[in-house]
There are 2 protein chains.
Amino acid sequence: MKAKHEKASAEQPDYNYETLDRFVGYHMKRAFNVVQADLTETLKSFELRMLTYTALVLIVDNPDLSQTQLAVAMDIERANLVVIVDELERRELIVRDHVPGDRRAYALNATLAGRRLCKKAVAAVVAHEERLFSGLSVKKKAALIEALSDLHVNAESNE
Amino acid sequence: MKAKHEKASAEQPDYNYETLDRFVGYHMKRAFNVVQADLTETLKSFELRMLTYTALVLIVDNPDLSQTQLAVAMDIERANLVVIVDELERRELIVRDHVPGDRRAYALNATLAGRRLCKKAVAAVVAHEERLFSGLSVKKKAALIEALSDLHVNAESNE
DNA sequence: ACATTATTGTTATATACTATAACAATAATG
DNA sequence: CATTATTGTTATAGTATATAACAATAATGT
């Protein structure tokens, strides 16, 4: 008989997950934890976090975006966007350009340094996903993306 | 031309997501946000959060679980489990039973009230998932679960 | 039997994410 | 010109997550 402190075999989980295993949401959470942990490591060398990375990518792909539009695109509250934009601006990766005719609004634009860092970070995230999803066929990966995007794009449409 | 403050058509998102859309992780995050928001609403009437719900389910399905085992099962730090178990204990949904021969450890067990609440909460989560994934065929839902669980179960095995 | 090492649960602390409310400045509307 | 709405910001609170350190206690090694 094993001593009590010996770790249970990793290949043979000895917990009863029968209830939780029925739920897609549970698997989504656990799987996303794995992805997020690896993504966090991947982005660390660029001194980016998931939110600042996402914001940078969206600003690069959508010149002249306003903060409100960026918050909507990221599905976060406007108030919580401020520190994200502040950080990207402080690092001179983006600028808050003034909008002619509207003194309230900014037009967010990436700098050259921002676009360069973005390109590198995207390449690193591509490698991170290739690593994580290497066991998934191209067909299954496409199906996964389709199912997940159906879920959140439809939810965005219903807002 | 539309006035500037008019909301863009919801059916026709006018953002360029071409970079982010390539990433499974991005879709996982966005889709999970949707699931989590609905789950939060679902659990609110039971005064449960996702973590206290998960803990309760695991304790019901695994009598005599230790706190360390529960933390492992939930993939969270032992330190962060304390307030979760505290709350379930305070609500008399679970008890911290002593372990004969080991004064350090507890055996976590659900009370009758805990099992009853768990049963109702699980039923509500079943309905929440049926609502959210109604557009997904049974086959596709199974494929989604398989892909996601492959990802996180494999990661758990590699720890 | 005793010293050493490991485990269990806890406390403290820090960071990040998320939600809500309120506000000033400014634009749009009536 | 008064009223309403928008943009961005500040403040605050709650939750989740990570790390370090510790006391009490069990397991291990000699």
Side-chain angles (χ1 to χ4, degrees), chain A residues 1-8 29-30 32-37 39-41 43-44 47-55 64-72 74-89 94 96-108, chain B residues 1-8 29-30 32-41 43-44 47-55 64-89 94 96-108:
Chain A
M1 160 185 124
K2 283 176 181 172
K4 270 185 298 196
H5 68 286
E6 269 188 3
K7 202 191 264 181
K29 167 65 175 169
R30 295 298 298 263
F32 183 66
N33 279 355
V34 173
V35 172
Q36 181 168 42
L39 182 65
T40 297
E41 284 309 301
L43 294 176
K44 191 168 283 181
E47 291 176 65
L48 290 171
R49 305 186 311 280
M50 186 178 66
L51 287 180
T52 48
Y53 163 78
T54 301
D64 291 329
L65 208 56
S66 73
Q67 287 187 198
T68 296
Q69 289 175 313
L70 180 54
V72 167
M74 292 176 69
D75 191 29
I76 69 176
E77 301 289 341
R78 294 190 326 263
N80 296 326
L81 186 71
V82 176
V83 296
I84 295 167
V85 174
D86 280 352
E87 178 174 336
L88 295 175
E89 185 183 50
I94 67 164
R96 277 171 160 117
D97 287 330
H98 289 291
V99 176
D102 193 338
R103 299 217 302 256
R104 300 168 302 176
Y106 295 112
L108 302 172
Chain B
M1 160 185 123
K2 283 176 182 174
K4 270 187 297 198
H5 66 285
E6 269 188 4
K7 203 189 262 185
K29 169 63 175 169
R30 295 298 298 263
F32 184 66
N33 280 358
V34 172
V35 172
Q36 182 168 41
D38 198 271
L39 181 66
T40 296
E41 285 309 301
L43 294 176
K44 190 168 286 181
E47 291 176 65
L48 290 172
R49 305 185 313 280
M50 186 177 67
L51 286 179
T52 48
Y53 163 78
T54 300
D64 291 328
L65 209 56
S66 73
Q67 288 188 198
T68 296
Q69 290 175 313
L70 180 54
V72 167
M74 293 177 68
D75 191 29
I76 68 177
E77 300 290 343
R78 297 192 323 264
N80 297 326
L81 187 73
V82 177
V83 296
I84 294 167
V85 174
D86 280 353
E87 177 173 337
L88 294 175
E89 186 182 48
I94 68 165
R96 277 173 162 114
D97 287 330
H98 289 290
V99 175
D102 192 338
R103 303 226 293 264
R104 300 167 303 176
Y106 294 113
L108 302 172

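Residue numbers begin at 1 in each chain, while the letters A, B, ... track the order of the sequences. Everything numeric in this text was worked out from a predicted model, so none of it was measured.
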So which one's nearest nucleotide on DNA chain D is more toward 5', A:Ala107 or B:Asn80?
A:Ala107
Provide, to the nearest angstrom, the distance between the CD1 atom belonging to A:Ile84 and the C1' atom belonging to D:dT10.
16 Å
To the nearest Å, give me how far apart CZ (A:Arg49) and C1' (D:dA18) are.
15 Å
Rounded to the nearest angstrom, tell me the gap between atom CD1 in A:Ile76 and atom P in D:dT9.
13 Å
Between A:Ala79 and B:Arg104, which has a closest nucleotide on DNA chain D that is more 5'?
A:Ala79
Counting only side-chain N and O atoms of A:Arg103, is one of them less than 4.0 Å from OP1 or OP2 of C:dT26?
yes
Check this one for me: any side-chain N or O of B:Lys29 less than 4.0 Å away from OP1 or OP2 of C:dT18?
yes
B:Leu81 side, atom CG; B:Leu88 side, atom CG - distance, nearest 0.5 Å:
9.0 Å
Both A:Arg78 and A:Leu51 contact DNA chain C. Which one's nearest nucleotide lies toward the 5' end?
A:Leu51
What orientation do A:Phe32 and B:Phe32 show, parallel under 30°, tilted 30 to 60°, or perpendicular over 60°?
parallel
Which part of the nucleic acid, if any, lies within reach of B:Leu81 when heavy atoms closer than 4.0 Å are counted: base, sugar-phosphate only, or nothing?
nothing
Set of residues satisfying side chain to side chain donor-acceptor pair (under 3.5 Å) with respect to B:Thr54, sequence neighbours excluded
none
Please work out if A:Glu77 contacts a base, only the sugar-phosphate, or nothing of the nucleic acid, heavy-atom cut-off 4.0 Å.
base
Just the rounded figure in Å: distance from P of D:dA18 to CE of B:Met74.
12 Å
Between C:dT8 atom P and B:Gln69 atom CD, what is the distance in whole Å?
8 Å
How many Å lie between OH on B:Tyr106 and P on D:dA26, as a whole number?
13 Å
Any B:Gln67 side-chain heavy atom under 4.5 Å of B:Arg96 side chain:
yes
Atom CZ of B:Arg30 to atom P of C:dT18: distance rounded to whole Å?
11 Å
If I take atom CD in residue A:Gln36 and atom P in nucleotide C:dT18, what distance separates them, rounded to the nearest angstrom?
9 Å
Side-chain N,O (A:Thr68) to OP1/OP2 (D:dG8) below 4.0 Å:
yes
B:Leu51 side, atom CG; A:Lys29 side, atom NZ - distance, nearest 0.5 Å:
7.0 Å
Within-4.5 Å side-chain heavy-atom neighbours: B:Thr40 and B:Gln36:
yes
For D:dT9, does OP1 or OP2 lie under 4.0 Å from any side-chain N or O of A:Gln67?
yes
Do B:Ile84 and B:Ile76 have side-chain heavy atoms sitting under 4.5 Å apart?
yes
What is the distance from atom CG of B:Leu108 to atom CG of B:Leu70, rounded to the nearest 0.5 Å?
6.0 Å
Where DNA chain C forms stems, i.e. three or more consecutive Watson-Crick or G-U pairs with both distances under 3.5 Å
C:1-30 with D:1-30
Between A:Ser66 and D:dT7, is there a contact of a side-chain N or O with OP1 or OP2 at under 4.0 Å?
no
